[in-house]
Amino acid sequence: MAAEAALDGHRVIAILVTHDGQFWLPETVAALTSQTRPIDDIVAVDTGSEDSTLKLLKSARVPVLSTHRESGFGEAVALGNQSFKPGAPEKTEWLWLIHDDSAPAPTALESLLAAVEERPQVAMVGPKLLGWHNRTHILEAGVSIAGNGARWTGLETLEYDQGQHDGIHDVLSVSTAGALIRRDIFEEIGGFDNNLALFRDDVDFGWRARVAGHSIIAATSAVVFHAQASASERRNIDVKGAFLHRPLLLDRRNAAYVLLANSSWWMLPWLAIQLLGSAMLRALGYLLAKLPGYASDELLAVATLLIKPGIIIKARRVRKLQRFVSSRVVAPYIPPRWSQLRLTSSRIIDALRRRFISESNTTSSSILDSAEDEDLLVPTYGFRWFDIFRKPEVSAFILLTIVTLIASRMRLGSLTGGALPTSPGGAHDLWRSYFESWHQVGMGSSQASPPWVAILAIFSTLLFGKAPLLVTLFFLTAPIAMMASILRLFKKLTQNIWISVPASFIYAMSPVAITAINSGRLATVAILIIVPQIPILLSNWRKIELHSWRQIFTFTLLIAFLYAFALTVSIICFGLVVAAIFLDYKDYSSSLNKPLFFERLKKRITLFAVPFALTAPYSFEAIISPNKFLAEPGLQLPGGSADFVILGNPGGAGSPPWWLLSPLLLILLVALFTSSAAKTIALYGTYFLSAAVIFSTFSIATHGDSAPTRVWVGTFLVGATIAASAAGVVILDRIRAVLVSSNIHFRHILAALLLSVTAVYSITAVVWSMSVGATSPVQSSRNTVMPAFLSAEKDTKTLVLREMGSADSKSIQFYVSRGKDISLGEPDVAPRQLDEIATAAQALIDGSGISSSKVFADFGIKYIFVKLPFDSDVIRTIDSFGGFTRASATSAGVVWRVAGVTGRLVFVGADGERTLLDTGEIGARTNVNRPGRILLTESFDRSWQILENGYRLERVKSEQNLPVFIATEAGEISLLHDGTIRRAWLSFEIITWILVIVFATPAGRRKREISEAELA
């Protein structure tokens, strides 16, 4: 063998670099000594090992050179190379670089030399790297670098080696673990860059060799097993620049260095932006994984390099001298961005799948394992697609889809009506409504937009900004989502699919579900979909200490989602928390387990309080205006009376008739007299139903309405409906076996009665929904209230009068419009109607409104619009009043122009003369030609400001509670609304959500904390 090695025309010098490698070194040395093509010379360069590495090397009789502990890999290789004199000129000399944690296969060197035998242009050849612990996983077969600095191998994570990458390939570079480098080219290029003490020196060397006109290949017939001890933090990194022994910091810094030092000059600005942006995104990911050290490494790595451009400038000068071909020669080896995105998304999907989808424990069997006497020629029957329709779940979902489509035939388009205002034009309108500090609705409002506006904006953005489409799809698919959500819960309660599936169908067709969809109750529909998941996730409510803090914060995010739609949920949550704390205190009184009591107390308070903070400031404003706790999004419509509610029917517009009796009350009564878990569930349902009955007797005035309306208790009935449905499932699941094995008695009668009432309700509810229920208040064909020519005058105040109610009971509603129909989110921030406007409007109706026009003009109301049909006597009365000039009369309604100076900004001189200023747009500029008062016809708010000649004008409050500004001289003015407070609250929201999301996400682990088996 030695003779053959001497005659093959090559001299191989193995340089083994060691650093605290006692764990891997014995196998590495053994692998080197057992090569089929012997090594000609070998030297070990030890960089200050503090373990038994030197002792092991001396025992193996390997020559050792020692250097200081902070020496880099390139410095150690250079030292080893210098220890050998040049060989015979007729032989090609090679440096075989070996890490102390890499063990070459016996034929590795022979295969590497065979690959370069007919390729004299090759400067470096590398092997295929396989895992040290699991030797079926391929680590590298050539390496490159992505535009964001990531090390690019083109392989999947822990990819199984099946020979799919075998062969000899041109690559940008190869790993230094087992790389074979021509000694003359190594010295010609100058070896490894001393600025790259560890990591990415291989990519940099390959890049420099390429632009020097040489070739780099990977020969996969050569195999090296690599432990990657430094990258996986299995040993400390002590080289220069490795701050706090952090390999990630050094790796990211060196990656940026390689890109900036070697790329074309015109690419540098883009690369700097890409490196910094990628570092920020990865840092955010590490923060979410609770790894602040890694996050800081990402940012420090790029920042420390960019703030010292002299290092890059010097490195580029050196490379310019060594470059003999264009830098674009490496372009084919840099992975395209789509490849990076594909591989990254694949890794994310695999990670999510491994976390959330359990691997099947079943093992596949070969056909050869079948019984010997089995006739393999007997034909097998394939899957028949028709069989899928025999499954109860599929049939139930198909039936519900058909019922929903028929019942929604009037809702296939942009929806409005009932409690649902018109949808805005796009997602940008929702975003603007959420972020703006002043809402131009009614007389104007600075109230915070409810958080559900932001939620709709997010989902609208995902639908390419189509907000009306989102609302339509939401109400159209809501019954399907409700059934799918509750079915997950019922499958936890019974294994009998013939019980869980029908119960889920009935839940989706319950009175509260039907009414919520028909009347446009956005919040109740969302709650019907989401709430069934809470009992599944929060399964240990009584023993809440069994839930980790990460789970608790995950629950708070879900509950905050519910708070965002309806603060009524906070009342329910508060009641449940107080009741649970009371029971905890009873347990503490008997056990005296103080730590347990306080742990439960902290977690229960967190569940209530953190969602309250996440929905601030909207939730905090409700403390000042408690009516918001009982209000729901949209227009305020009255709910049903207590006699409706006790039967599980929320009543109000779009609700089923009284004779369509829900089995809810009957199920709760039956369950209360059982001895099973259904009794406990029924107790919760009774509490929810009792609360619904009590609150249905309340009347509140919210959303800018002056007249109180009966509270909608749909949210409470959702809890009662879920509890009744779950109790019914438990009862039927337990009683089924008893009924089959016993004679007829009262249980049979009760079960028959329960099933009969439920079946009758189901059939009648389906028929009613598809027939009468289809003509619900929410439809897609409803006309807008405001006529087109009024809508064209942007932000012009118009007092709208229209008749509401049925033919038997009509009432006149009035509100101030801003030249358009009220849209999503605006009713929730609408200010309280001013008494002066309400009095003047009522005077128009009852015929005493002689001075109404002056009042309307004072508040900037320009038009009066009466929507037809309307009482003709009232129309004639308005015509007879002075101060109103009829502007138009169409089939839509009648419009009057209010006399006087009306607008947003009115200048009042010292003589009392009123002049409408040119513009009232926020931020726009106009001029006043003399001292006087500037009247702003908006609700008084301390954030209103007018700047004149750069100075802020004094602000006072008028007799009508409108802001008035004192102008002491002529000059240019600009109207501003200071949004500092709103921006502060938005910052608070963002910080709070980020913190809770970080607490809720699983904590990551540093690589040194991951076991060897997992790494393999």
Side-chain angles (χ1 to χ4, degrees), residues 400-430 433 441 450 452-482 508-509 512-529 565-566 632-637 639 650 652-656 703 712 714 768-786 788 791 802 804 815 817 820-828 830 867 892:
L400 183 60
T401 302
I402 294 172
V403 171
T404 300
L405 290 175
I406 297 174
S408 302
R409 60 185 180 273
M410 305 293 290
R411 296 195 285 266
L412 301 177
S414 182
L415 301 183
T416 185
L420 184 68
T422 59
S423 299
H428 64 281
D429 295 314
L430 289 170
S433 174
V441 52
W452 62 263
V453 175
I455 295 173
L456 288 190
I458 292 171
F459 285 103
S460 298
T461 303
L462 296 178
L463 282 178
F464 306 101
K466 305 295 185 181
L469 177 62
L470 172 68
V471 174
T472 301
L473 291 176
F474 178 70
F475 281 97
L476 186 63
T477 60
I480 311 298
M482 293 176 196
M509 296 300 298
V512 66
I514 293 173
T515 308
I517 294 174
N518 286 350
S519 59
R521 306 281 186 176
L522 192 70
T524 306
V525 175
I527 291 169
L528 280 160
I529 296 171
F565 279 95
E632 289 216 352
L635 301 171
Q636 193 69 14
L637 294 183
S655 64
H703 297 175
W712 161 265
W768 183 86
S769 297
M770 293 190 299
S771 55
V772 181
T775 58
S776 63
V778 175
Q779 294 184 16
S780 59
S781 58
R782 295 202 175 276
N783 296 322
T784 58
V785 175
M786 299 297 296
S791 301
R802 61 176 177 172
M804 300 291 291
Y815 64 94
S817 169
K820 62 182 180 63
D821 290 319
I822 197 163
S823 60
L824 277 174
E826 290 184 341
D828 302 80
K867 181 173 175 57

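Side chains included, hydrogens not; waters and symmetry mates left out as well; all remaining heavy atoms used.
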If you compare all heavy atoms of [X] against all heavy atoms of [Y], which two are closest, and at what distance to 0.1 Å?
X	Y	result
Pro827	Gly634	CB-O, 3.5 Å
Pro421	Thr416	C-OG1, 3.8 Å
Ala407	Ser769	CB-O, 3.3 Å
Leu476	Leu405	CD1-CD2, 4.3 Å
Ala516	Val525	CB-CG2, 3.8 Å
Ala523	Pro633	CB-CD, 3.4 Å

Do [X] and [Y] have side chains that approach each other closer than 4.5 Å (heavy atoms only, starting at C-beta)?
X	Y	value
Pro656	Thr515	yes
Leu637	Arg521	yes
Val453	Leu824	no
Thr524	Ile517	no
Phe474	Ile529	yes
Ile455	Phe565	yes

Please answer whether the main-chain N or O of Gly413 pairs with a side-chain N or O of Thr472 as donor and acceptor at a distance below 3.5 Å.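 Answer holds: yes.
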Non-neighbouring partners of Glu632 that pass salt bridge (Lys or Arg N to Asp or Glu O under 4.0 Å), sequence neighbours left out: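 So Glu632 forms no salt bridge (Lys or Arg N to Asp or Glu O under 4.0 Å) with any residue.
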Residue list, side chain to side chain contact (heavy atoms under 4.5 Å, CB included) with Ala427, at least two apart or on another chain: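 With sequence neighbours excluded, Ala427 shows a side chain to side chain contact (heavy atoms under 4.5 Å, CB included) to Trp431, Ser460, Thr461, given in chain and number order.
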When rounded to the nearest 0.5 angstrom, what is the spacing between [atom1] in [X] and [atom2] in [Y]?
X	Y	atom1	atom2	answer
Trp712	Gln636	CH2	CD	11.5 Å
Asp828	Trp452	CG	CH2	5.0 Å
Met482	Thr477	CE	OG1	9.0 Å
Leu635	Ser519	CG	OG	11.0 Å

Contacts of Asn518 that satisfy side-chain hydrogen bond (donor to acceptor under 3.5 Å, both in side chains) - sequence neighbours left out: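 For Asn518 the side-chain hydrogen bond (donor to acceptor under 3.5 Å, both in side chains) partners, ignoring immediate neighbours, are Arg411.
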Among Leu470, Leu420, Val778, which one satisfies side-chain contact (heavy atoms from CB on, under 4.5 Å) with Phe475?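 Between Phe475 and the candidates, side-chain contact (heavy atoms from CB on, under 4.5 Å) is satisfied uniquely by Leu420.
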